[in-house]
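Here is how names work: the chains are called A, B, and so on, in the same order as the sequence lines, proteins then strands, and each is numbered from 1. Not measured: the values here are computed from a predicted model. Worth knowing before you read on, the calculation uses all heavy atoms, side chains too, and leaves out hydrogens, waters and symmetry mates.
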Protein chains: 2
Amino acid sequence: MSGNETIQKSTISSTEPDIQSNSLKAGIRQKKELQILEAAEKVFSEFGYHGATTQMIADGAGVPKANLHYYFPTKLVLYRRIIDQIFSIWLDAAQSFDENSDPVQALSSYIDKKMQISRSHPHGSRIWANEIMQGAPIIQDYLETTLREWTNSRIAIIQGWIDRGLIDPVDPRHLLYMIWSVTQHYADFAHQIDTLNGGKPLSTSQWGNACENVKKIILAGIGAKGVDIK
Amino acid sequence: MSGNETIQKSTISSTEPDIQSNSLKAGIRQKKELQILEAAEKVFSEFGYHGATTQMIADGAGVPKANLHYYFPTKLVLYRRIIDQIFSIWLDAAQSFDENSDPVQALSSYIDKKMQISRSHPHGSRIWANEIMQGAPIIQDYLETTLREWTNSRIAIIQGWIDRGLIDPVDPRHLLYMIWSVTQHYADFAHQIDTLNGGKPLSTSQWGNACENVKKIILAGIGAKGVDIK
DNA sequence: ATCAGTGTTGACCAACTGGTCAAGATTTAT
DNA sequence: ATAAATCTTGACCAGTTGGTCAACACTGAT
């Protein structure tokens, strides 16, 4: 971290409280912001952008509304921050395509990760869905740039698999849509699924079962080699 | 038109205006209600329940807000009416399971119908999705009664196919979820799909292509007999 | 003509919303 | 200690919302 321990010790020790104080301040700020962001994610996902009120979010975070507006000047800024978070998480998961040249490996891994995200970040998924359903008033630029590029490059990869005879000739685009819709369904429609599950959230083994079924049907559905259709 | 012209002419002529006036009144009422309902469906699907304002709906229907409240006393009543509509449409489509004993026929037909609905009633699908994502505050009873019964009975049918070896042993529940999610995705995420389609809605042939791909992957995915996996 | 029932609407209101602000509390640096 | 910087918050405001209402218009029956 610091290159020269001896000479700059004083400097360091003098800086250390500074760092501490900074980190404390930053810590307070970071902590509060995190509280608010978590509360906001929950509220936005449950009520949508319009349905959510800054008062609800403030209550959820345990701070007065005025304090929320100290950290996040407007409701829209808060919302954007959350959208950014979600999108970066999704993009991270999408690297499975690059790390595996084998379609079975690549798709299995991708589906696994997307299912995991649906379980660990259901709020984010729902906020995204809400945004799209409202015509993406805030994230339209994402759709037209990052998402479009990502999609096209993965379509090319899938088409490559088809050309090499590794999977059946399906339309790569619709294969992607299927993976997106199915995996996100377990987050977006969790309430419906839970209700049909007797009112209880899926257990870990039930999640595993869901994941296996999704992978089985999709991989078999595209005739991916290495998968036995029993 | 009128059976006995001579004798009851007076009676008929006295009733006819009555019927006319009734049908005219009813016609006015029906027409206005329909206008408002259609506008409301659009607005609710785009902005969600909270985001939608009665003013927007009134504007969309081309009536003053006060007139809207003459026909529908509250925003919630209007919303319920629309939810009812959607649910009945979906239930109608779901009869494919009863009309076909062959899994390929039954599932193909069901998927076809659900895709058709996604194209013809995208607003309704989005409103449903919105409701579920908000924890189904209004339609929880539907989920726990009608939908649960419907789901269980179709699960039994699918399990029957498995027992008879007509399809692979998959979890019927997750097969249903997959069909629901994929087909509804084309309505709920239409904006995203359109954007990735160059900003234009899918053409009729593109819809057909989507439908074929969905059916192909799912039917092949469950090893439904009678489907060649080329 | 007149009356009753139905439909129409501008003006209005109480409740709520996102956001502000000034005054004070707390922490850090000197 | 004290000054500077950051954080906290009750009270407040202007704009918007769902819903009301009284006055008016229209239609058809007598």
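Heavy atoms from other residues, nucleotides or ligands lying under 6.0 Å from NZ of B:K75 number more than 12.
The aromatic rings of B:Y177 and B:W180 are tilted relative to each other, their planes meeting at an angle between 30° and 60°. Between A:Y79 and A:F44, the ring planes lie perpendicular to each other; the angle is over 60°, past the 30° to 60° tilted range. Using a 30° and 60° split on the angle between ring planes, A:F47 and B:H50 fall in the perpendicular class, above 60°.
Look at CD on A:E33: it is 13 Å from C1' on D:dC7, rounded to the nearest Å. Rounded to whole Å, the distance from CZ on B:F72 to P on D:dT20 is 15 Å. Atom-to-atom, CG of B:N67 to P of D:dG19 comes out at 16 Å; the value is rounded to the nearest Å. The CD1-P distance, from B:I36 to C:dT9, rounds to 11 Å in whole Å. Between B:D59 atom CG and D:dG18 atom P there is a gap of 12 Å when expressed in whole angstrom units. For the pair A:H50 NE2 and C:dC16 C1', the computed distance is 16 Å after rounding to whole Å. The NZ-P distance, from B:K65 to D:dT16, rounds to 13 Å in whole Å. In this entry the distance linking NE2 of A:H69 with C1' of C:dA22 reads 17 Å, nearest Å.
Because its NZ or CZ atom is not both nearer than 6.0 Å to the ring centre of B:W90 and within 45° of the ring axis, B:K113 does not count as a cation-pi partner of that residue.
Counting non-hydrogen atoms under 4.0 angstrom, B:A52 reaches the backbone sugars and phosphates but no base.
Within the structure, every side-chain polar atom (N or O) of B:R29 is placed at least 4.0 Å from both OP1 and OP2 of C:dT6. A sub-4.0 Å separation between OP1 or OP2 of D:dT8 and a side-chain N or O of A:Y71 is present.
Contact of A:K75 with C:dG19 (side chain to base): no donor-acceptor pair of N or O atoms is detected under 3.5 Å.
For A:Y49 and B:K32, each mapped to the nucleotide of DNA chain C holding its nearest heavy atom, the one lying further toward the 5' end belongs to B:K32. Residue B:Y70 is the one, among B:Y70 and A:T53, whose nearest nucleotide of DNA chain C lies closer to the 5' end (criterion: closest heavy atom).
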